[in-house]
A.B. asks: 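Quick one: this structure, given as C-alpha cells, is what I'll be asking you about.
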Protein chains: 2
Amino acid sequence: MSTDLLTDESCGLRERKKRETRRALNLAALDLVEEKGFTAVTTEEIAARAGVSARTFFNYFPSKEAAVIGTTAEELESYAAALEQDVEGETPLESLRRILAGMLAPASIDRELRARRRRILLGEPSLAPALVGNNIRIENALTAALERRLGVQPGASLEARLTVAVAIAAVRACIEHQQNGGSGRLERNIDQAFDRIAAGLR
Amino acid sequence: MSTDLLTDESCGLRERKKRETRRALNLAALDLVEEKGFTAVTTEEIAARAGVSARTFFNYFPSKEAAVIGTTAEELESYAAALEQDVEGETPLESLRRILAGMLAPASIDRELRARRRRILLGEPSLAPALVGNNIRIENALTAALERRLGVQPGASLEARLTVAVAIAAVRACIEHQQNGGSGRLERNIDQAFDRIAAGLR
DNA sequence: GCCGAAAGTGCAGTCACTGCAAAATTGCAG
DNA sequence: CTGCAATTTTGCAGTGACTGCACTTTCGGC
C-alpha cells in the first residue's frame with residue numbers, strides 16, 4: 001500500500017492507467033456536457049469518448065453525475081490535510097475561507113481546466129442536486145480534519161461540523177447569488193460573507 | 001380557472017381528490033420504505049398501494065425520492081409566509097431558528113406522522129442526497145420571503161440568501177451530529193448552534 | 001344531459017445501473 | 001522469458017426509473 005502523497009504516485013503502470021482512465025472519463029463527460037447539456041449525454045457516449053466500454057464506466061464512477069463532477073478521494077484528502085494543519089494566527093473559519101476559496105479559484109496549475117469545470121458544473125441546473133450531494137462528502141472530510149485539528153473525538157462536539165457546514169453554506173450562497181446575476185465579484189462576496197459570519201449574523 | 005387562493009381550496013371534488021391521492025402516495029411510500037428500505041421499494045409498489053396506476057405516480061411526483069420526502073408547495077409557502085412576517089423584536093436569524101425548529105418538531109397536529117416521517121427519512125442514507133437537494137427548494141422559498149421582509153429586490157443583496165443558507169446548514173449540522181450519536185437533544189443543540197452563529201463563529 | 005378541460009391509464013421506448021462470468025491485461029516469481 | 005495469480009475489462013442479460021403519446025375516464029359548469 002503506497003501512500004506517496006507527495007510524489008505523483010505513478011509508481012505502477014496499473015495505478016497510472018487507472019488514473020488516466022478516470023481522468024479521461026471525467027474530461028469526456030465535461031466535453032459532452034458542454035456540447036449537449038447534461039441530460040442529453042449518455043454514459044455510453046462518455047465511455048466511448050474515453051475509449052472504454054460502457055460497463056467499465058461504472059467501475060470508475062457510480063453515476064453519470066459523479067463522472068461529470070469528478071471529485072477524487074485525493075482531492076478530498078488534500079483539502080482535509082490543509083485544514084488539519086494549524087496555521088499561525090488563523091481561526092478555523094479563516095482556514096476554511098482560504099481553502100474553500102482556493103477550491104473555486106483557478107489555481108496556479110490547471111488554470112483553464114478548473115475554470116472550465118466551474119463554468120460547466122454551475123451552468124447546469126440539473127446538476128445542482130448532485131453538487132450539493134457532493135458537498136456532503138466535502139463536509140464530512142473537512143469535519144473530520146477539523147476535529148483532529150481541535151483535538152476532539154470524531155462526532156464528540158458539534159463545533160467542528162457546525163463550522164464546516166456553515167462555511168460551505170456561505171460559499172454556496174455566494175455562488176448562487178452570482179448565478180442569479182448578483183452584484184460584486186465572487187471572491188469579494190465570499191470575503192464579505194465570512195466577515196459577517198465571524199461578526200455574528202442577525 | 002379557479003384561483004381561490006384565500007379559501008382552503010378544498011372546494012372542488014377534483015382538487016380534494018388530487019390532494020388525497022398525493023397524500024396517499026406519500027404515505028404509501030413512507031410505509032414501504034419503513035418496511036423494506038428505500039432502494040428495495042419500487043414506484044410500482046407505491047402506486048399500487050396508493051390505488052393508482054404506475055403512470056399516474058409520475059403525474060404527482062417527479063421521482064421516487066420526491067414521493068418519499070413529499071414536501072408540498074403549500075408547505076413551502078407556509079414557511080415562507082411565516083418568515084416574511086416581521087415579528088416584534090425578532091431578528092431574521094431568530095425567526096429562522098423558530099421556523100426551522102418548527103419544521104422538525106412534531107407539531108401539535110400531525111404529531112405521529114411528523115415524527116415517523118423524520119425517523120424514516122433520516123434513517124435512510126440513500127435518501128441523503130435527495131434531502132439536501134430538497135433543502136435547495138426550502139432555501140429558495142425562504143430566501144425570497146426574507147428578501148420581501150427586508151424590502152430588497154430579489155437577488156439584489158447577498159444578505160438574505162446567506163442568512164437562510166447558514167441557518168439551514170446549522171440545522172443540518174445538528175441533525176448530522178445527532179445521527180452520529182452526538183450528545184445532547186436536537187432542539188437544545190439547534191439553540192446552541194444558532195447562539196454561536198449570532199455571536200460569531202471562529 | 002352536454003361539452004370542454006383535466007386527470008388517469010396503457011404502451012412503447014430510452015437509459016441508468018447491477019450482477020455475473022468470461023476474457024484480457026498486468027505484476028511477479030521462477 | 002514464461003507461466004501463474006491477481007486485477008481489470010468487457011459482454012450480456014436484466015431491473016427499474018422515467019418520458020412521450022394517444023386514448024379513455026371523470027369532473028365542473030352551463
Side-chain angles (χ1 to χ4, degrees), chain A residues 1-2 4 9-26 28-29 32-33 36-70 124-127 129-130 133-134, chain B residues 1-4 7-26 28-29 32-33 36-70 72-73 124-127 129-130 133:
Chain A
M1 193 50 46
S2 65
D4 235 52
E9 200 172 356
S10 61
C11 29
L13 184 148
R14 210 162 221 167
E15 209 63 28
R16 177 163 59 247
K17 210 163 185 198
K18 271 184 77 170
R19 277 165 177 272
E20 277 169 17
T21 302
R22 186 186 175 86
R23 185 178 175 80
L25 281 167
N26 178 231
L32 286 164
V33 168
K36 320 166 55 174
F38 177 74
T39 50
V41 175
T42 70
T43 60
E44 288 193 25
E45 283 176 303
I46 300 173
R49 185 168 296 203
V52 296
S53 75
R55 187 64 184 80
T56 300
F57 175 93
F58 290 102
N59 288 346
Y60 284 88
F61 295 100
S63 66
K64 191 171 71 162
E65 288 86 345
V68 179
I69 297 176
E124 282 285 337
S126 45
L127 266 178
N134 194 51
Chain B
M1 187 54 54
S2 68
T3 42
D4 237 51
T7 80
D8 207 349
E9 204 167 354
S10 61
C11 30
L13 184 148
R14 209 163 222 168
E15 209 63 28
R16 177 163 58 246
K17 208 161 188 203
K18 271 184 75 172
R19 277 163 178 271
E20 277 169 17
T21 302
R22 187 186 175 86
R23 185 179 175 79
L25 281 168
N26 177 231
L32 287 165
V33 168
K36 320 168 54 174
F38 177 74
T39 50
V41 175
T42 70
T43 59
E44 288 194 25
E45 284 175 302
I46 300 173
R49 186 168 295 204
V52 296
S53 76
R55 187 65 185 79
T56 298
F57 174 94
F58 290 101
N59 288 345
Y60 284 87
F61 295 100
S63 67
K64 191 170 70 161
E65 288 86 344
V68 179
I69 297 176
T72 65
E124 283 285 336
S126 45
L127 266 177

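Order of the sequence lines sets the chain letters (A, B, ...), proteins ahead of strands, with each chain counted from 1.
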A.B. asks: Please give, in whole Å, the distance from C:dA5 C1' to B:Lys18 NZ?
C.D. replies: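 Result: 12 Å.
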
A.B. asks: Select base, sugar-phosphate, or nothing to describe what B:Phe57 touches, counting heavy atoms under 4.0 Å on all strands.
C.D. replies: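 Since no nucleic acid heavy atom lies under 4.0 Å of B:Phe57, the category is nothing.
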
A.B. asks: Does a side-chain N or O of B:Lys17 approach OP1 or OP2 of C:dA7 to a distance below 4.0 Å, or not?
C.D. replies: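 No, no such contact exists.
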
A.B. asks: How long is the span from the CG atom in B:Leu32 to the OG1 atom in B:Thr43, to the nearest 0.5 Å?
C.D. replies: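 Rounded to the nearest 0.5 Å, the CG-OG1 separation comes out at 11.0 Å.
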
A.B. asks: Answer yes or no: is there a side-chain heavy-atom contact under 4.5 Å between A:Phe57 and A:Glu44?
C.D. replies: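 Result no, sub-4.5 Å side-chain heavy-atom pair not found.
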
A.B. asks: Is any side-chain N or O of B:Thr43 closer than 4.0 Å to OP1 or OP2 of D:dA17?
C.D. replies: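 Result: yes.
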
A.B. asks: What is the separation between atom CG on B:Asn59 and atom P on C:dG10, rounded to the nearest whole Å?
C.D. replies: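 It is 12 Å, rounded to the nearest whole Å.
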
A.B. asks: Just wondering, do B:Asn26 and B:Val68 contact through their side chains at under 4.5 Å, heavy atoms?
C.D. replies: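 No - every pair of side-chain heavy atoms lies 4.5 Å or more apart.
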
A.B. asks: With nearest nucleotides of DNA chain C determined for B:Ala54 and B:Arg14 from heavy-atom distances, which residue corresponds to the more 5′ nucleotide?
C.D. replies: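 Going by which nucleotide is closer to the 5' end, it is B:Arg14.
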
A.B. asks: If you compare every side-chain N and O of A:Lys64 against the phosphate oxygens of C:dC15 (OP1, OP2), does one of them come in below 4.0 Å?
C.D. replies: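 Answer is no, no contact under 4.0 Å.
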
A.B. asks: Could you state the atom-to-atom distance from CG of A:Leu25 to P of C:dC17 in whole Å?
C.D. replies: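 Computing the A:Leu25:CG to C:dC17:P distance gives 14 Å.
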
A.B. asks: Rounded to the nearest angstrom, tell me the gap between atom CZ in A:Arg16 and atom P in C:dT26.
C.D. replies: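 Interatomic distance, CZ of A:Arg16 to P of C:dT26: 11 Å.
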
A.B. asks: Does OP1 or OP2 of C:dT9 have a side-chain N or O of B:Thr56 closer than 4.0 Å?
C.D. replies: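 Yes, because at least one side-chain N or O of B:Thr56 sits under 4.0 Å from OP1 or OP2 of C:dT9.
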
A.B. asks: Around atom NZ of B:Lys17, are there more than 12 heavy atoms of other residues, nucleotides or ligands at under 6.0 Å?
C.D. replies: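 Counting other residues, nucleotides and ligands, NZ of B:Lys17 stays at 12 neighbours or fewer.
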
A.B. asks: Heavy atoms from C-beta onward define the side chain here; which of C:dG8, D:dC18, D:dA17 lies closest to that of B:Ser63?
C.D. replies: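 Minimum distance to the B:Ser63 side chain belongs to D:dC18.
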
A.B. asks: Please report the distance, rounded to the nearest Å, between CD in A:Glu45 and C1' in C:dC17.
C.D. replies: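 Those two atoms, CD and C1', are 17 Å apart.
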
A.B. asks: Starting at CZ of B:Phe61 and ending at P of D:dT19, how long is that distance when rounded to a whole Å?
C.D. replies: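 The answer, rounded to whole Å, is 14 Å.
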
A.B. asks: Can you measure B:Arg55 atom CZ to D:dC21 atom P for me and round it to whole angstrom units?
C.D. replies: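 Distance, rounded to whole Å: 11 Å.
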
A.B. asks: Rounded to the nearest 0.5 Å, what separates atom CZ in A:Arg22 from atom CG in A:Asn59?
C.D. replies: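 The CZ atom of A:Arg22 sits 12.0 Å away from the CG atom of A:Asn59.
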
A.B. asks: What's the CZ-C1' distance between B:Phe58 and C:dT14, to the nearest Å?
C.D. replies: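 Answer to the nearest Å: 14 Å.
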
A.B. asks: Please state whether the phosphate of C:dT9, meaning OP1 or OP2, lies under 4.0 angstrom from any side-chain nitrogen or oxygen of B:Ser53.
C.D. replies: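 So the side-chain polar atoms of B:Ser53 do come within 4.0 Å of the phosphate oxygens OP1 or OP2 of C:dT9, strictly under.
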
A.B. asks: It should be established whether B:Tyr60 places a side-chain nitrogen or oxygen under 4.0 Å from OP1 or OP2 of nucleotide C:dG8.
C.D. replies: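 True: B:Tyr60 side-chain N/O within range (under 4.0 Å) of C:dG8 OP1/OP2.
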
